[in-house]
Amino acid sequence: MTISIRRPDDMHIHLREGKPLASYAADTTQWFARGLIMPNTTSPITTPEAVSQYRAYILKAVPAFTPLMTFKITRDVKPELVSALKKAGAVAGKYYPKGATTNSGDGGEDVGDFYPLFQEMEREGLVLSIHCEDPTAPVLEREVAFLCQVERIVHRFPRLKLVIEHVSSKETVSFLKGMPETVGATITVHHLLLTLDDLLGSGINPHLFCKPIVKTKADREALRAAVFSGDRRFFFGSDSAPHPRRMKECENGAGGIYSSPVAIPLLAELFVENGAEALLNDFTGRFGAEFYGLPLNEGTLTLTEDPWIVESEYHGVVPLWAGRSVRFRRMLT
Ligand code: NCD
Ligand code: ZN
């Protein structure tokens with residue numbers, strides 16, 4: 001069996017910075033033509049200069065890849081900067097609630113503090129990308145607890161395009177169904193495949209720990225139903241977030257799942273098993289681009305059925321599905 005899809009987009013990816021970036025980026029470009037690059041690097045991407053420097057750094061490592069840049073929304077990002085951020089290549093600004101995830105100590109405490117910035121983003125046609133979790137709520141309820149903040153923004157800025165990133169719960173799926181067309185959502189492969197039992201059911205697996213945490217079977221079913229309904233507002237964003245093994249296998253281990261090397265073949269397998277292979281192309285190569293108003297990628301990625309075992313480590317990072325079998329591989333053309 002072979003499956004051919006338009007070269008896909010990863011609408012949420014962490015490439016980090018410095019030396020490891022080249023390795024992570026190379027794993028991504030095996031599969032993806034473009035990626036929306038998250039700005040929560042150790043030195044945050046908050047200025048037009050940082051956006052263009054980071055973009056140039058990525059392009060140097062992977063010239064054939066198209067990085068879609070973002071900036072991080074902090075108090076330092078003044079509304080007057082928005083047009084320069086856009087000129088520097090940013091297509092979205094990312095809002096992190098303070099303390100919600102990796103490198104979010106400089107995140108927002110109240111969405112209301114950023115209304116002047118959101119207004120400028122709305123005017124300039126930039127997307128507001130949201131890490132939708134209230135870190136003060138109980139861990140399984142954090143996503144749902146933040147939805148009221150999203151609702152405030154949607155009502156206040158009816159023309160602002162907004163993405164709820166890495167949706168993980170059934171409540172958020174129903175919330176999204178009631179939202180206008182300006183509100184989209186990314187879904188990861190790990191939230192479509194895993195539940196809390198994979199993370200905690202037979203010994204802790206820190207490599208499956210991420211924000212937002214994978215949840216129950218009912219949540220996973222709701223995410224699958226959303227994707228298999230072909231609803232264009234749900235599109236693929238891997239949230240592939242590499243952390244070196246020692247940062248995961250320790251006390252207070254970091255959140256983040258490294259899925260770039262396996263995301264597309266695992267999605268293909270899931271879609272095929274659910275008789276939904278015809279929908280894979282739109283989920284990975286159309287809906288995200290259309291939401292962002294981007295042209296669709298040229299070229300095709302062909303997968304062929306030829307099982308392989310995922311390596312236990314990639315550049316010191318333990319990937320999703322390490323040591324397990326994957327049904328499809330990329331056909332080299
Ligand atoms: C991400 C990271 O490590 O940068 N971690 C994660 O658990 N998903 C940040 C994020 O997207 O929350
Ligand atoms: Zn992320």
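Remember, it's a predicted structure, so these values are computed and weren't measured experimentally. As the structure lists them, so they are numbered: ligands from 1, and atoms in each ligand from 1. Position 1 is the first residue of the sequence; numbering continues from there.
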Do the rings of Y95 and F118 sit parallel, tilted or perpendicular, given the 30° and 60° boundaries? perpendicular

Considering only N, O or S atoms, which atom of H12 is nearest to the Zn ion (ligand 2)? NE2

Ion pair present between D134 and R142, side-chain N to carboxylate O less than 4.0 angstrom? no

Output the atom name for the N/O/S atom of D239 with the smallest distance to the Zn ion (ligand 2). OD1

Specify whether an N/O/S atom of H131 falls short of 2.8 Å from the Zn ion (ligand 2). no

Parallel, tilted or perpendicular: which fits the ring planes of H191 and H166, with parallel below 30° and perpendicular above 60°? tilted

So do the side chains of V173 and D219 get within less than 4.5 Å of each other, counting heavy atoms only? no

Specify whether an N/O/S atom of E165 falls short of 2.8 Å from the Zn ion (ligand 2). no

Is it true that D110 and R152 have a side-chain N and a carboxylate O under 4.0 angstrom from each other? yes

Please output the residues near ligand 1 using a strict heavy-atom distance under 4.0 Å, listed in chain and residue-number order. H12, H14, R16, N40, T101, T102, H131, H166, C210, K211, D239, A241, H243, G255, G256

With a 4.0 Å cut-off, would you call K211 and E133 a salt bridge? no

Determine, for R232 against E290, whether the closest basic-nitrogen to carboxylate-oxygen distance falls under 4.0 angstrom. yes

Walk me through whether Y24 and Y314 qualify under ring-ring contact (aromatic ring centres under 6.0 Å, His included). CA-CA 9 Å; Y24 304 151; Y314 282 73; over 10 Å; no

